[in-house]
Amino acid sequence: MSYLSVLDIIRLGSTCRTLHEFSTLRHVWRNVLLQYRFLDQCYPHLRSCTAEEIRRQLKTAARLDRIWTQPSIVPKRLYTFPLDVPGVFQGLKFLPGGTWLVLLFCCRNLNPSRHSNLCLIRPSTGSGANDPPAVSTTFQSEMCWLPFLDQDGPYKSSRGDDLMLLRTKCNDGFVTFGIVHLNTKTPSIKIPLIFRTKVFVRNYAAAGDYIVYGWITSDRRHLLRIMQLNENYDSLRNDMTVEIDCPKGHDGKLRVSAKT
């Protein structure tokens with residue numbers, strides 16, 4: 001098994017019942033995971049996952065590797081979205097569904113205070129006469145937000161709205177978060193809620209109507225603040241802080257994910 005690739009192990013498991021049972025053993029996929037050093041280092045939580053979760057992640061990585069090594073890569077769709085003003089891009093992400101994009105950029109012509117600008121855009125693919133025209137809207141924020149991270153979204157709320165989490169560090173030592181409501185029907189961009197914290201945020205995550213961030217106190221206590229947004233996303237329905245037990249050997253580390 002150690003000489004087989006991920007896709008070969010999957011194919012081997014589909015040949016008979018005995019090999020299928022063997023290919024579902026956790027130590028088989030644990031050993032394969034060690035061969036993908038970037039996965040093992042970037043996602044250390046996979047070491048404690050089930051065999052099926054490790055297999056699924058490795059299968060995705062193997063398929064991407066195979067596609068990337070093809071002699072010619074043909075893009076499935078091309079987008080064009082010209083900007084009329086010069087600016088510095090800080091982030092670019094697709095909304096769930098892959099039709100709309102959200103851009104974060106700074107432009108002194110639009111915002112002399114160097115605050116961030118958000119742009120919600122549905123680019124034109126130019127694939128035919130029935131292709132819908134490009135649509136966009138821009139929002140000038142009063143904050144200078146940091147570039148996008150993976151845990152910032154966009155993500156769907158429980159009501160199906162597109163939300164995104166922004167964050168920045170202020171000169172007074174506070175960490176500031178902003179909830180962005182991306183309305184693709186209007187279209188429009190709003191930041192209905194901004195909240196701040198003085199603690200040193202170790203990690204954070206957002207999913208559905210919930211936002212979670214964690215920190216470690218001076219006496220090594222691990223705390224989590226769990227917040228639930230209301231239906232308009234402009235205030236908190238629930239807000240609680242809990243203490244969690246730190247696993248032995250992980251003192252000083254805190255990982256927060258959308259699955260927490």
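Computed from heavy atoms alone, side chains included, the values below leave out hydrogens, waters and symmetry copies. Treat the numbers as computed from the prediction; the structure is a model and nothing was measured. Count residues from 1 along the sequence.
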Handout entry: Asp219 atom CG: more than 12 heavy-atom contacts under 6.0 Å
Key = yes
Practice task
Look at the side chain of Lys93 and the backbone N and O of Leu149, then say whether any donor-acceptor pair between them is shorter than 3.5 Å.
Solution key: yes
Problem - Pair Thr138-Asn117, side-chain donor/acceptor within less than 3.5 Å - result: no
Exercise for the section: Give a yes or no on whether a salt bridge exists between Lys156 and Asp162, defined as a side-chain N under 4.0 angstrom from a carboxylate O. Expected result: yes
Completion exercise
In short, Cys49 meets Ile54 closest at the heavy-atom pair O-CD1, 3.8 Å
Fill in the blank from the handout: Tightest non-hydrogen contact, residues Arg122 and Trp100, listed as N-CE3, 3.5 Å
Problem - Taking every non-hydrogen atom, the tightest pair across Leu58 and Trp29 - result: CD1-CE3, 3.7 Å
Exercise for the section: Run the salt-bridge test on Asp172 and Lys198 with the 4.0 Å N-O cut-off and return the result as yes or no. Expected result: no
Handout entry: Heavy atoms from other residues, nucleotides or ligands near CZ of Arg63 exceed 12 (cutoff 6.0 Å)
Key = no
Practice task
Using a strict cut-off of less than 4.0 Å between a Lys/Arg side-chain nitrogen and an Asp/Glu carboxylate oxygen, indicate whether Glu52 and Arg56 qualify as a salt bridge.
Solution key: yes
Handout entry: Under 3.5 Å: donor-acceptor pair, side chain of Ser158, backbone of Gly208
Key = no
Completion exercise
Closest non-hydrogen atoms of Asp152 and Tyr204, given as atom of the first, atom of the second and distance, are OD1-OH, 2.6 Å
Practice task
Work out which heavy atom in Arg159 is nearest to a heavy atom in Tyr233; give both atom names and the distance.
Solution key: NH2-CE2, 3.1 Å
Exercise for the section: Taking all heavy atoms of Val175 and all of Val199, pick out the closest pair and write down the distance. Expected result: CG2-O, 4.1 Å
